[in-house]
Number of protein chains: 2
Amino acid sequence: MRTPLAPDMFDPVCPSELSPIRFGDKWAGLVIRCLEGGPRRYSELRVPLRRVSPKALTASLRSLERTGLVARTVRTAPVRAVEYALTPLGHSMIAPMNAACAWASEHWDELLDAREGLGTR
Amino acid sequence: MRTPLAPDMFDPVCPSELSPIRFGDKWAGLVIRCLEGGPRRYSELRVPLRRVSPKALTASLRSLERTGLVARTVRTAPVRAVEYALTPLGHSMIAPMNAACAWASEHWDELLDAREGLGTR
DNA sequence: CGGTATCCAACACGATACTG
DNA sequence: CAGTATCGTGTTGGATACCG
């Protein structure tokens with residue numbers, strides 16, 4: 001199955017913004033979300049993740065590869081194309097990620113309150 | 001309810017060691033685990049977390065306070081004592097933490113494989 | 001007892017330019 | 001197309017010593 005990519009992962013507000021739960025490095029969670037709907041080429045990923053520099057994106061992908069969550073495959077003919085896809089292990093992370101997102105949504109107002117309570121003191 | 005603290009959070013092997021899922025900063029997850037069984041004083045926390053420098057432990061606690069997961073209370077009489085406890089929000093994180101731990105346990109061998117597959121190439 | 005102060009090394013991340 | 005090279009900055013975390 002191959003669903004369309006979100007046009008911009010930073011629009012309007014990333015629900016994970018306030019959540020303390022992180023999956024790997026800074027961008028790993030968003031990258032996994034982008035790969036959830038099927039394999040993607042590097043340049044495809046750059047569109048919704050346009051606010052991430054190529055260096056940081058590559059670093060995140062390499063890290064995900066190292067952890068075994070993402071597989072990188074290169075095709076040379078007819079044109080060079082590099083595809084990134086979730087491994088079975090990567091797919092298995094979707095469940096805990098959804099749990100984390102659900103938690104953040106449920107406690108959104110408390111998380112906001114905590115952040116604001118700080119500014120005032 | 002107030003259960004005894006683990007003697008050493010780093011012994012024998014932390015199950016979260018290989019997991020890419022993080023809760024806040026480097027030590028936040030372990031700190032939350034220590035507070036799960038009831039409020040603790042700073043010096044109590046330092047025992048199971050003795051491999052964490054006081055500076056890093058304080059930083060982690062402050063960060064958890066800021067996020068609204070931990071409450072800090074000071075008692076001055078008869079002696080000065082500072083207690084850290086999970087807030088309701090903090091307690092609500094136990095569920096996603098357990099989900100993350102379960103995930104790591106289930107996929108432990110795959111995570112190990114991924115790490116080792118790297119050393120060889 | 002419950003932290004700070006200080007110093008330092010390592011790393012993460014961004015911007016930009018460039019390349020096989 | 002799919003990155004790498006380079007440079008610079010900011011943050012993280014450890015070690016150690018000290019303090020009210």
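To find a chain, count down the sequence lines: A is the first, B the second, and so on, and within it residues start at 1. Keep in mind that what you see is a predicted model, and the values were worked out from it rather than measured.
- For D/dG3, the base has no donor-acceptor partner in the side chain of A/Lys55 [N/O atoms by modelled type, under 3.5 angstrom].
- If you check C/dG14, D/dG13, D/dA2 against the side chain of A/Ser43, the one that comes closest is D/dA2.
- Residue A/Asp25 contributes atom CG, which lies 15 Å from atom C1' of D/dT11 at whole-angstrom precision.
- You'll find that the side chain of B/Arg41 is closest to C/dG2, out of D/dA2, C/dC13, C/dG2.
- Here the P atom of nucleotide C/dC1 and the CD atom of B/Glu44 are 11 Å apart, to the nearest Å.
- Counting non-hydrogen atoms under 4.0 angstrom, A/Ala81 reaches the backbone sugars and phosphates but no base.
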Ignoring hydrogens and angles, write down the donor-acceptor pairs under 3.5 Å from the side chains of residues 91-104 of chain A, residues two or more places apart or on other chains.
unit_1: A/Ser92; atom_1: OG; unit_2: A/Leu89; atom_2: O; d: 2.6
unit_1: A/Ser92; atom_1: OG; unit_2: B/Trp103; atom_2: NE1; d: 2.8
unit_1: A/Ser92; atom_1: OG; unit_2: B/His107; atom_2: NE2; d: 3.4
unit_1: A/Asn98; atom_1: OD1; unit_2: A/Arg33; atom_2: NH1; d: 3.2
unit_1: A/Asn98; atom_1: OD1; unit_2: A/Arg33; atom_2: NH2; d: 2.8
unit_1: A/Trp103; atom_1: NE1; unit_2: B/Ser92; atom_2: O; d: 3.2
unit_1: A/Trp103; atom_1: NE1; unit_2: B/Ser92; atom_2: OG; d: 2.8

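- Side-chain contact annotation: B/Ser60 with B/Asp25, donor-acceptor N/O pair under 3.5 Å present.
- At a cut-off of 3.5 Å, with distance as the only test, no side-chain donor of A/Tyr84 or A/Thr73 sits close to an acceptor on the other residue.
- Each of D/dT4, D/dA2, C/dG2 was ranked by its minimum atom distance to the side chain of B/Val82; first place goes to C/dG2.
- Using a 4.0 Å heavy-atom cutoff across all strands shown, A/Lys26 reaches sugar-phosphate atoms only and no base atom.
- Distance CD (B/Glu83) to C1' (C/dG3): 16 Å, rounded to an integer number of Å.
- In this structure, A/Arg51 reaches neither bases nor backbone, as no heavy-atom distance under 4.0 Å exists between it and the strands shown.
- With rounding to whole Å, A/Leu57 atom CG is found 14 Å from C/dA15 atom P.
- Distance B/Arg50 CZ to C/dG2 P: 17 Å, rounded to the nearest Å.
- Backbone-only engagement by A/Arg72 is indicated by non-hydrogen atom pairs under 4.0 Å involving sugar-phosphate atoms exclusively.
- A/Arg46 comes within contact range of no nucleotide atom at all, as no heavy-atom separation falls under 4.0 Å.
- B/Arg62 places its CZ atom 17 Å from the C1' atom of D/dG13, with the value rounded to the nearest Å.
- Cluster membership for B/Leu5 and B/Tyr42, using ILVMFWY side-chain heavy atoms within less than 4.5 angstrom, is not shared.
- Rounded to an integer number of Å, the gap from B/Arg80 CZ to C/dT4 C1' is 12 Å.
- Residue A/Tyr42 places no side-chain N or O under 4.0 Å from the OP1 or OP2 atom of D/dT4.
- In plain terms, the two heavy atoms of B/Thr67 and A/Leu111 that are nearest each other are O-CD2, 4.1 Å.
- Counting to the nearest Å, the C1' atom of D/dC1 and the CG atom of A/Leu45 are 13 Å from each other.
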